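Here the structure is laid out as structure tokens; the discussion comes afterwards.
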Amino acid sequence: MSPSPRDNSNRRAVDEYIAAWSAITKLFRRGSSQSGNERNCVFLNRTGGPGRAMRFANVSAVSGLDFPDDGRCVVVVDWDHDGDLDLWMRNRTAPKLRLMINQTVSSAEGNSFVAFKLTGTSCNRDAIGARVEVKLTDATAGRLIQTLRAGDGYLSQSSKWLHFGLAKGTAIKGVSVRWPDGQQEQFGAVAGGRRYKLRQGSGEAQPASTEPRSVRLAASRQPRDTNSSVAQVLLPRKIPLPDLFYRGMNDEKKQSLRAGSQTKLVMLWASTCPHCRRELTSLAKDKSQLDAAGLDVLALNVDQLSVEGAVDVTAAQKFLDDIKFPYRTGRASGALLDKIQHLIGALFDSEVPLAVPLGLLIDSEGNLLAVYRGPPPRDVLLFDARHADADEQQRRDMAAPFPGRWYTQHPGRPALLELLADHFQEDYPDEAVGYLEMALPEVKNAAAKQSLEQRMAALHYYLASQQVASNDLAGAERSLARVVELQPQNRKARQQLEDVQARRRLRDEK
Amino acid sequence: MSDQQPTDAPSGPGLVARCRGLLLPAIAMVGLAIASYFTWRHFFPAFDPEAREMIRATWRITSLNERPVADDGARGGVSAVRVDEVNSVETEVDRQMAKLDPSYDGWESEILSQRVSQQLAIVRKAMSGGVGFRREQVSSIVSDDFSCLDLRPTQFEVVFSGPRFVVHQYDPTAKHRDAKPRRTHRGAEGFAAALRGLVGSNTAGAVRTAFKVIRVTSENGHLATTVLVEIGVPAEGSTRQINSRWICEWTRSVPPSTDPPLLRSIRVEQFEEVTLVNSSGTLFADCTQAALGSLACYGKQYLHGNNYWAERISVLEASSLLGNYGLAVGDVNGDGLEDLYVCDGGGLPNRLLLQQDDGTLRDVSAEAGVDWLEYSTGALLLDLDNDGDQDLVVATVELVLFMENDGSGKFTFRGGHRAVVDAASLCAADYDNDGDLDIFVCSYESPHRATGFRSRGFASGAPIPYNDANNGSPNALLENRGKFRFLNVTDKVGLGANNHRFSYAAAWEDYDNDGDQDLYVANDYGRNNLYRNDDGRFVDVTQAAGVEDMASGMSVSWADANRDGRMDLYVGNMFSAAGNRVTFQRKFTRSRDDAQAIQRTARGNTLFAGRADGRFDDVSEAAGVTMGRWAWSSRFADLNNDGWPDLIVANGFLTNRRNDDL
């Protein structure tokens with residue numbers, strides 16, 4: 001990839017570098033891994049004596065913590081109160097949680113512990129920032145100090161019990177606490193193997209409850225992620241479709257996917273795909289049920305996507321005839337699928353490769369409501385169709401897989417249209433501009449309106465240059481006229497518009 | 001909060017590539033302007049005049065959702081007919097994607113390393129069966145003139161002996177007078193015998209071997225690799241682990257021949273053997289299913305990773321493939337048992353799980369009022385109003401939320417603070433010793449936001465320059481003003497210095513033992529910050545203290561790990577085998593005068609030893625703690641109760657659908 005520039009002085013180097021980041025991002029979104037399946041590491045402190053140079057041994061494998069998870073957080077806590085430190089771990093991959101119970105004490109081999117819970121009285125009640133020192137009878141053993149913290153590691157907050165391991169044969173002389181407000185306090189009568197509460201100003205370590213707990217958590221292997229390429233994804237917003245056209249099975253007539261007066265399921269299918277054939281058969285059988293729910297169906301065949309010129313849909317047509325498919329049918333083009341891929345790509349951080357059967361639930365106004373990877377179960381399909389008129393709030397709630405609470409609401413529609421425009425801009429600037437044109441009348445803020453107009457003018461101008469290059473003078477005239485409309489003071493565009501108009505006249509005269 | 005904008009912020013990522021030079025500056029600038037206008041709207045955002053910065057956002061509980069949920073995969077399926085990539089236009093991004101193939105840039109080491117790794121994979125597979133394997137299983141990778149000494153040295157030194165662990169080490173430089181001479185093994189049979197000798201005869205179950213090629217040198221037709229070897233050997237009564245470092249010499253085919261390299265010799269550079277005494281198992285046991293298995297959320301929410309959710313929850317809810325969501329423990333209902341708060345991505349509720357006496361958990365998220373569906377990173381359970389119970393702070397998509405505990409584990413939403421853009425870790429301390437807890441909020445901002453929908457993770461822009469990026473957005477210190485009101489005092493207290501980094505994590509500690517809380521901040525793509533607290537004013541002393549650690553900072557942990565009374569510091573970073581292989585090549589070191597600095601970014605985790613004079617020594621390599629892979633939480637914890645803090649590193653970046661590992 002392009003190397004990192006030292007600063008921003010070289011515009012081209014910066015652009016290439018940023019493009020390289022975008023490239024990496026794109027690969028991740030399309031399923032690439034980086035440093036995946038890495039095993040967690042554990043290092044045993046074997047320094048051996050106070051003040052010595054620190055030395056550690058790699059004990060990852062024997063620790064039992066070396067899962068190949070994408071690990072993120074580690075929280076330390078004596079969960080079961082058995083005197084050793086257990087861990088909660090949080091992963092990116094499933095299982096997303098692990099409770100790792102330490103087997104140290106239960107096998108009783110000599111090391112011990114002492115733990116303290118602090119309560120501040122003249123400082124903060126949690127006593128965060130307090131420094132605790134456990135003084136040992138053996139003066140050569142070095143110091144045992146810890147500070148009480150709230151939040152460390154990464155995105156992790158551990159227990160507020162301060163836990164001190166005590167090597168075999170270690171005896172405690174006393175405990176001192178420096179409270180966050182500077183007060184120094186000594187606590188006597190502390191023995192290993194116990195948990196104590198230390199209250200600021202009390203001078204006395206109070207043993208915590210020693211009532212035995214009934215913790216018996218059996219160890220077992222957790223399953224790893226079971227992802228599936230089948231999903232029924234209801235979108236939290238109505239998503240306006242770009243210009244999508246399909247052709248008839250046996251004719252070249254272009255028809256818009258947006259057109260129609262009722263909610264429809266667009267089912268993309270291939271005649272070689274058994275799941276598709278089964279789904280089409282089942283849709284045919286369920287027609288009265290779907291009709292009752294006001295749901296129309298359009299089956300678009302993808303058999304000959306990459307074929308130039310005359311296509312052969314005999315096999316597909318024969319299948320449709322065989323099952324007496326009672327709905328509209330047609331052929332999808334590569335461009336249609338590519339635009340659908342762009343649309344879905346704009347909406348999800350992970351881009352799943354398109355595969356058939358692929359269902360798109362589209363409302364009567366040409367908005368995408370849901371995406372079905374694989375055949376949608378009837379109850380889900382009918383539920384979604386029945387709720388085609390749900391408002392934005394209901395839609396958002398239905399899209400969330402679990403109940404809960406929100407304090408945000410989505411940004412306005414212009415922001416959504418911007419998001420879509422961003423995604424289409426690279427390959428389909430005309431679609432991007434279409435989305436921005438939709439956004440413009442809805443933008444009320446004057447400054448935002450102005451910057452949107454600038455962006456649109458720039459895109460129209462870019463389109464015009466493409467149209468001129470491909471000799472589409474009528475298109476170029478339309479684009480430049482729009483630039484002039486958006487930016488009446490743009491002399492360059494005005495001049496080019498006149499230029500294009502002159503060329504058109506010249507051509508017409510010829 | 002600092003109003004100083006990074007003046008050198010480059011323009012939006014996609015936009016630049018998209019229009020190929022034409023009209024670029026104009027479009028990019030417009031894009032940025034629009035981006036800053038649209039933000040998430042709250043329900044009736046209202047400013048509290050007393051606290052000025054607190055936002056009294058209202059909230060609502062989702063309406064009853066009766067949408068049937070299909071059991072994925074159980075019904076029907078998807079055909080293998082892929083219909084994507086039918087109409088591709090080559091763009092600058094595509095050209096850059098092509099360059100990500102290591103062979104493009106002529107990094108020969110990457111190709112050689114790949115081929116060496118393929119050969120070593122054959123060895124790994126052969127060893128998995130324990131000592132029973134035969135020479136035929138490894139003969140295909142060994143050259144006729146292969147030779148090596150015993151791979152398990154005959155002379156050890158016991159460097160650690162505790163009730164649970166015994167660590168043996170072999171020092172190749174030490175002279176062992178009474179050492180048994182090591183045998184020489186020749187040819188394929190010799191190699192198989194050497195491997196059998198390495199693993200030993202006491203095994204029970206599968207031997208797990210991992211090889212990592214960290215350096216490749218290829219000069220004058222001579223190919224050598226440095227390989228890290230880690231072997232786990234389950235055995236009756238004592239589980240063992242072997243950590244070794246081999247220098248392997250390989251044959252090198254002359255192009256156009258593409259014959260794979262054959263192993264000619266192995267030299268053992270380091271050898272360490274750890275035995276877990278009196279145990280056939282491991283030090284820790286996974287008890288998650290026993291603790292969580294009965295909860296509905298366990299299977300439905302937690303047994304699906306982020307790949308699954310990022311394919312199903314749209315970016316309109318700030319769902320992200322990255323998956324950086326935190327955990328907090330604390331006793332929220334005062335029953336003496338620690339409870340767990342789990343953050344999650346947009347559209348997935350955070351959960352409060354209460355511990356029962358038997359160690360299992362109960363999901364009380366909804367009735368406790370903390371089941372936020374907004375994208376949430378970090379959380380803290382702590383007493384913000386000094387009334388004796390644990391309140392809750394959550395860093396979410398737009399606000400840092402504050403919730404007051406009524407003592408029984410029921411929470412009341414007390415408002416939020418914008419604090420930063422893209423909040424990451426939180427950490428609390430009473431920085432001004434006024435008796436209440438203040439909150440430091442890290443910001444890991446995506447500087448090029450495409451739209452008002454807060455893009456997360458992968459939409460983030462490019463840090464410039466890579467190893468010293470200064471185009472991030474500022475972190476914030478929120479001062480507790482009582483009654484759940486917080487004020488951003490970052491600049492006022494001196495934390496505005498060097499505050500445009502990509503900060504993942506921070507932790508407080510009184511490193512200079514003067515009684516107040518100092519702060520260390522780990523930054524990705526560059527140098528970290530150590531702010532010394534001088535009576536409530538902070539001074540950036542990073543460079544003077546020797547803790548800049550210019551690498552990919554991910555986490556911070558403090559402890560006195562050598563028990564000298566001074567706090568030591570462990571910083572999570574990235575260890576990249578590929579980074580090591582590429583950046584140590586002569587081609588790379590000759591091409592850049594910052595080669596050493598770039599090498600440093602791939603070294604891995606850093607251990608700083610605190611000194612009496614308030615400075616730190618970087619002792620990472622001597623201590624043997626750099627190889628934490630792509631590290632996140634990297635922390636001290638005494639795992640074997642011997643009073644010496646050990647280290648745990650949670651790591652791994654992105655395990656995705658494709659096993660290609662960029």
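Just so it is clear, the structure is predicted and the values come from calculations on it, not from any experiment. Proteins get letters first, then strands, A, B, ... in listed order; numbering begins at 1 in each.
- Looking only at atom types and distance, the side chain of B:S319 has no donor-acceptor partner in the side chain of A:D349 under 3.5 Å away.
- When each of A:V75, A:L155, A:V74, A:N40 is paired with B:S633, the side chain to side chain contact (heavy atoms under 4.5 Å, CB included) condition holds for A:V74 and for no other.
- A salt bridge does not link A:D397 to B:R67: none of the charged nitrogens lies less than 4.0 Å from a carboxylate oxygen.
- Inspection of the B:N306 and A:R92 side chains reveals no N or O donor paired with an N or O acceptor under 3.5 Å.
- Only the side chain of A:R149 comes within contact range of chain B, judged by heavy atoms closer than 4.5 Å.
- Residue B:L426 touches chain A through its backbone alone, counting heavy-atom pairs closer than 4.5 Å.
- When B:L373, B:V619, B:V274 are compared by the number of non-hydrogen pairs under 4.5 Å with chain A, B:L373 comes out ahead.
- Per-residue counts of heavy-atom pairs under 4.5 Å with chain A were compared for B:A637, B:A505, B:A622; the largest is that of B:A622.
- For the pair B:Y325/A:R72, no side-chain contact is recorded, criterion being any heavy-atom separation below 4.5 Å from C-beta on.
- Using a 4.5 Å cut-off between heavy atoms, A:A57 contacts chain B through both its backbone and its side chain.
- The parts of B:Q241 that come within reach of chain A are both its backbone and its side chain, each placing non-hydrogen atoms under 4.5 angstrom from that chain.
- With sequence neighbours excluded, no residue forms a salt bridge (charged side-chain N to carboxylate O under 4.0 Å, His left out) with B:D358.
- For A:S33 and B:T655, the side-chain atoms include no donor-acceptor pair closer than 3.5 Å.
- Looking at B:N562, both its backbone and its side chain come within 4.5 Å of chain A, counting heavy atoms on both sides.
- Residue contact with chain B, scored on non-hydrogen atoms closer than 4.5 Å, involves the side chain of A:V77 exclusively.
- When the candidates B:G624, B:G326, B:G572 are compared by the number of heavy-atom contacts under 4.5 Å with chain A, B:G326 comes out ahead.
- Ranking B:G628, B:G336, B:A609, B:A561 against chain A, the residue ahead of the rest is B:A561, based on heavy-atom pairs under 4.5 Å.
- Using a 4.5 Å cut-off between heavy atoms, B:V167 contacts chain A through its side chain alone, with no backbone atom that close.
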Q.
Let's go through B:D357 and A:S214 carefully: what are the C-alpha distance in whole Å and the side-chain angles of both, what is the deciding distance for side chain to side chain donor-acceptor pair (under 3.5 Å) to 0.1 Å, and is it a yes or a no?
A. CA-CA 7 Å; B:D357 188 61; A:S214 56; 3.3 Å; yes
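- Only the backbone of A:L166 has a heavy atom closer than 4.5 Å to any heavy atom of chain B.
- By the salt bridge (charged side-chain N to carboxylate O under 4.0 Å, His left out) test, B:E338 is found to be paired with no residue, residues two or more places apart in sequence or in another chain being considered.
- Contact tally against chain A (heavy-atom pairs below 4.5 Å) for B:G515, B:G378, B:A507, B:S314: the top residue is B:S314.
- Remark: of the listed residues B:V625, B:D564, B:L607, B:L607 is the sole one forming a side chain to side chain contact (heavy atoms under 4.5 Å, CB included) with A:M54.
- No side-chain donor-acceptor contact under 3.5 Å links A:N58 and B:E272.
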Q: Decide yes or no on side-chain contact (heavy atoms from CB on, under 4.5 Å) for A:N227 and B:E311, but give the supporting numbers first.
A: CA-CA 10 Å; A:N227 203 343; B:E311 292 168 8; 3.4 Å; yes
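- A:Q409 places none of its side-chain heavy atoms less than 4.5 Å from the side chain of B:R60.
- Under the 3.5 Å distance criterion, with hydrogens and angles disregarded, no donor-acceptor pair is assigned to the side chains of A:T147 and B:D510.
- Ion pair A:R237/B:E317 not flagged as a salt bridge, since none of the NZ, NE, NH1 or NH2 atoms sits closer than 4.0 Å to an Asp/Glu carboxylate oxygen.
- Considering every non-hydrogen atom in both B:T282 and A:A61, the closest pair reads CG2-O, 3.9 Å.
- Taking 4.5 Å as the limit, some side-chain heavy atom of B:D560 sits within range of a side-chain heavy atom of A:I145.
- Ranking B:N386, B:D638, B:L327 against chain A, the residue ahead of the rest is B:L327, based on heavy-atom pairs under 4.5 Å.
- Both the backbone and the side chain of A:F43 come within contact range of chain B, each with at least one heavy atom under 4.5 Å from a heavy atom of that chain.
- Counting heavy atoms from C-beta outward, B:E374 and A:W406 have side chains that approach closer than 4.5 Å.
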(Q) Run A:S350 and B:R657 through side chain to side chain donor-acceptor pair (under 3.5 Å) and show every step you take. (A) CA-CA 10 Å; A:S350 178; B:R657 283 195 302 278; 3.3 Å; yes
Q: Before giving the answer on side-chain contact (heavy atoms from CB on, under 4.5 Å), spell out for A:R405 and B:T62 the whole-Å C-alpha distance, their side-chain angles and the decisive distance to 0.1 Å.
A: CA-CA 6 Å; A:R405 68 192 60 214; B:T62 54; over 6 Å; no
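- There is no side-chain donor-acceptor pair under 3.5 Å between A:T104 and B:N640.
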Q: For A:F56 and B:F160, run ring-ring contact (aromatic ring centres under 6.0 Å, His included): C-alpha distance rounded to whole Å, both residues' side-chain angles, the deciding distance at 0.1 Å, then the answer.
A: CA-CA 10 Å; A:F56 290 80; B:F160 181 88; over 10 Å; no
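- Looking only at side-chain heavy atoms (C-beta outward), A:Q222 and B:L303 come within less than 4.5 Å of each other.
- When side chains are defined from C-beta on, B:L283 counts as touching A:N102, because their heavy atoms get closer than 4.5 Å.
- Contact of the B:F165 side chain with the A:S63 side chain is not registered, since no non-hydrogen atoms from C-beta on lie closer than 4.5 Å.
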